[in-house]
Amino acid sequence: MLRSGCAAAALLLWPRWTAAAPTLWPPPAGPGRGVAVVVDAATYQAAREELQAYQRSLGRRGYAGWLLVDQWARPEAVRAALEQLRARPGVRLEGLFLVGEIPIVMARDAQHLTSAFKMDQERYPPLRSSVPTDRFYDDRDLRWEFLEADPADPLRFYYRLAPSSPVHLRKDLYSGRLTPRGGTAVERQAAVRRYFAKLAAVTRRSEVLDRVVLAMGHGYVSESSAALTAHAQELRDMLGYGAAAQLRVDTIAQLYDNAVKPRLLQSLADPAVDLAVIHSHGDSAALLLDTAPLPATSAAERESGQAAAEVPAAPKPWHLASSEVARLPLRAEVALLDACFTGSFADPDYLAAALLTGPGDTVAVFANSRNVRQDIWSQEPLALLRAGLSVGQAQQRVRFLEAHLFGDPTYAFRPLRPARSVVEAYRSTDPRRLLALRQAADPVARGLAYERLGRAADPRPGLGDPAPLVRLKALRELVALRPADLTRRLVALTSDGDAQVRKFATILLGDQGDPRAAADLTRLAIFDPCSRCRWQAAQALGFLGSRFESAVSAQAAQLWTELGYPERSTLLADQASRYLAAPPAEWAVQHLADADPARRRLGVRPLRGNRYREALPRLLDVLKADRDQTVRANAAEALGWWSLDQQRPEIASALAAAARDGGSPPMVRTAADLALRRLQAGPNEPLVP
């Protein structure tokens with residue numbers, strides 16, 4: 001059982017590490033862009049030749065590769081070694097590659113840095129309720145408190161994010177990890193050797209990124225054809241701008257054909273494929289791609305019940321499992337797995353590692369160590385790959401605790417065509433030059449210019465840019481500013497021609513809680529051609545209040561009656577109610593008023609991800625006066641998620657009062673202070689508050 005509280009923790013505001021220094025093998029090619037290759041001693045001994053060859057390869061590509069070798073008994077040792085390397089004269093460290101048996105940090109009290117993971121840490125065991133993350137290594141500003149080592153696994157260590165830590169992720173280094181799990185130590189070391197042999201061959205070929213496979217699995221993003229179209233067009237805009245005729249994007253979707261798995265495997269067996277982008281549900285060892293068909297039994301057997309045992313009660317997914325991937329020669333050099341858990345490197349068998357160490361050509365995988373929200377901008381980092389920037393540089397900009405890159409972070413495609421403006425926008429720190437790049441011909445460069453400028457320039461002009469990806473970049477920067485006219489700007493974007501833009505505008509309107517948006521959200525919930533946008537609009541109306549939910553159902557019923565299809569009115573009303581987030585506001589309010597503190601706590605926790613305005617007054621009452629101090633602390637934590645809400649000043653005032661209340665226990669004051677800092681700073685990822 002994990003100990004809780006600062007008294008039981010060794011405070012890691014900066015680690016003191018007294019073990020012997022690791023062995024350091026400097027780069028043979030002299031100065032360059034620094035990459036630290038951190039490897040455990042046993043793996044180094046087993047794969048010495050492959051690792052030294054990789055270090056030489058880094059030098060040929062303009063990097064200074066530093067090999068750091070040790071037993072790495074604790075995560076602090078790795079972090080301390082990286083700081084010592086940074087302090088060496090002339091070292092310009094920009095990246096990190098963790099190879100072999102490198103300690104795994106299991107993060108707690110950091111769920112505001114995840115996209116979807118909101119598990120109750122008190123009710124569920126630490127292994128399930130913690131997030132495996134390498135942000136301990138690549139974001140030096142975060143502050144951690146050690147809890148304990150996992151007695152069941154020598155690689156896993158539990159830490160909590162310190163209350164004094166920054167509340168945003170902003171990585172100093174890009175990072176990649178190659179940590180096979182399961183099997184014997186000898187088998188894992190052999191897998192590392194296989195990977196580096198494959199990487200050497202793939203790197204020598206210097207592939208051009210001109211062939212993409214885009215797949216969407218069963219039940220993903222409401223199985224929206226508009227969402228699939230938007231994803232495909234986004235990839236063309238990102239990767240083929242100015243050379244679109246040379247870029248091929250093949251789409252495979254379960255909503256059109258219940259055969260995603262075989263078609264995907266057939267496509268990935270093609271040596272011409274460079275990039276696989278897969279949006280699906282997932283588990284650590286599998287992608288869930290298709291629904292399973294009913295068994296081949298006769299209608300009479302099914303009706304009589306004779307075949308009941310053979311007929312599944314509900315559709316079952318077909319899996320693309322890690323055991324299959326480990327033996328299939330899949331040819332895409334890079335894969336983006338927009339799915340839950342496929343990068344869960346704390347588990348003995350996870351899909352990303354199987355892809356890397358299998359017989360195919362995959363050398364880099366974007367994947368998630370815990371569940372991930374469907375409605376994130378998952379394809380965004382891919383835009384940098386067309387310009388010849390590395391997969392690590394692309395992943396560095398992703399702002400989630402669970403999002404990781406597996407494999408060599410320096411791997412890069414050869415540009416399809418020169419993209420100097422993209423590279424310049426990525427690297428420039430000159431505001432005047434970045435302002436000029438907002439007018440560049442390349443939309444990727446324009447979007448990067450808005451991102452790099454941030455608060456230094458007004459992002460509103462970007463909302464009218466002809467490229468959806470630029471409009472999304474500008475929207476993110478605008479939301480981070482939280483201006484007075486944000487509702488009006490978001491409402492205007494609900495009529496955008498791109499489904500991705502409409503979807504994010506709708507999500508953000510739900511988090512704002514401004515009733516002035518109700519009419520436009522109602523229009524979206526009934527008429528929008530994108531089923532995912534309709535889902536999000538109905539959810540946003542549910543956040544605004546039950547009267548808006550009733551209004552959309554009534555308007556839908558009236559519409560269908562006027563069109564001569566009254567029987568459709570009930571169906572659409574039922575669909576609208578199913579769109580709404582669970583549990584409903586009434587459920588939360590009832591639990592917040594319950595005499596049992598355990599049930600009040602149950603009422604508080606859903607109000608982090610589901611910000612129902614009807615529950616807010618009661619949640620503030622719980623913060624101020626609940627008899628149970630744990631419930632009060634939980635209420636304070638939940639209010640830290642309301643950073644875009646129209647009632648933010650009132651929430652901030654209540655949190656400030658709780659943080660200053662000398663009569664409250666430390667746990668309440670600490671939780672209120674942290675929530676207030678989060679409320680004031682705004683969301684970690686503005687598009688996913």
Looking only at heavy atoms, which two atoms of [X] and [Y] are closest? And how far apart?
X: N368; Y: A403; value: OD1-CA, 3.7 Å
X: V69; Y: A41; value: CG1-CA, 3.7 Å
X: T133; Y: F345; value: N-CZ, 3.8 Å
X: D283; Y: F341; value: C-CB, 3.7 Å

I would like to know whether S664 and R669 meet side-chain hydrogen bond (donor to acceptor under 3.5 Å, both in side chains); could you show each step before the answer?
CA-CA 7 Å; S664 296; R669 298 199 303 272; over 6 Å; no
Short side-chain to backbone donor-acceptor contact, [X] and [Y], under 3.5 Å:
X: N684; Y: L169; value: yes
X: R373; Y: A116; value: no
X: R600; Y: H591; value: no
X: T362; Y: A332; value: yes
X: H168; Y: R399; value: no
X: Q55; Y: G65; value: yes
X: R188; Y: G100; value: no
X: Y174; Y: E94; value: no
X: D347; Y: D349; value: no
X: Q374; Y: V221; value: yes

Inter-residue atom distance [X].[atom1] - [Y].[atom2], 0.5 Å rounding:
X: Q111; Y: Q121; atom1: CD; atom2: CD; result: 5.0 Å
X: Q396; Y: K171; atom1: CD; atom2: NZ; result: 7.0 Å
X: M106; Y: R128; atom1: CE; atom2: CZ; result: 12.0 Å
X: S115; Y: E402; atom1: OG; atom2: CD; result: 4.0 Å

Check: Should the pair F136 and W144 be assigned to parallel (<30°), tilted (30 to 60°) or perpendicular (>60°) ring geometry?
Finding: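 It falls in the tilted class, 30° to 60°.
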Original post:
Can you say whether the rings of F97 and Y54 are parallel (under 30°), tilted (30 to 60°) or perpendicular (over 60°)?
Top reply: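 Aromatic pair F97/Y54 classed perpendicular.
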### Message
If you apply the rule side chain to side chain contact (heavy atoms under 4.5 Å, CB included), what do you find for V192 with Q189, and how did you get there?
### Response
CA-CA 5 Å; V192 170; Q189 292 157 8; 5.6 Å; no
Between [X] and [Y], does any side-chain N to carboxylate O distance fall below 4.0 Å?
X: E451; Y: R397; value: yes
X: E83; Y: R86; value: yes
X: D153; Y: R156; value: yes
X: E380; Y: R476; value: yes
X: D120; Y: R601; value: yes

If you draw the axis of the six-membered ring of W641, does the NZ or CZ of R678 fall within 45° of it and under 6.0 Å from the ring centre?
-> yes
| message | Ring of Y137, cation from R177 - is the NZ or CZ under 6.0 Å from the centre and inside 45° of the axis? | response | no
Flag the pair [X] / [Y] as yes when at least one side-chain heavy-atom distance between them is below 4.5 Å, and no otherwise.
X: L289; Y: I278; value: yes
X: Y44; Y: Q52; value: yes
X: R135; Y: L113; value: no

Using a 6.0 Å cut-off, check whether atom CH2 of W377 has over 12 heavy atoms from anything other than its own residue.
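Count over threshold, so yes.
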Taking atom CZ as the centre, does R482 end up with more than 12 heavy-atom neighbours from other residues, nucleotides or ligands that are less than 6.0 angstrom away? yes
Residues Q680 and R677: side-chain donor-acceptor under 3.5 angstrom = no
> Between V105 and D134, is a side chain to side chain contact (heavy atoms under 4.5 Å, CB included) present by the stated rule, with each step listed?
Replying inline: CA-CA 7 Å; V105 170; D134 284 333; over 6 Å; no
Pair V325, L351 - check side chain to side chain contact (heavy atoms under 4.5 Å, CB included), show working. CA-CA 8 Å; V325 167; L351 190 65; 3.8 Å; yes
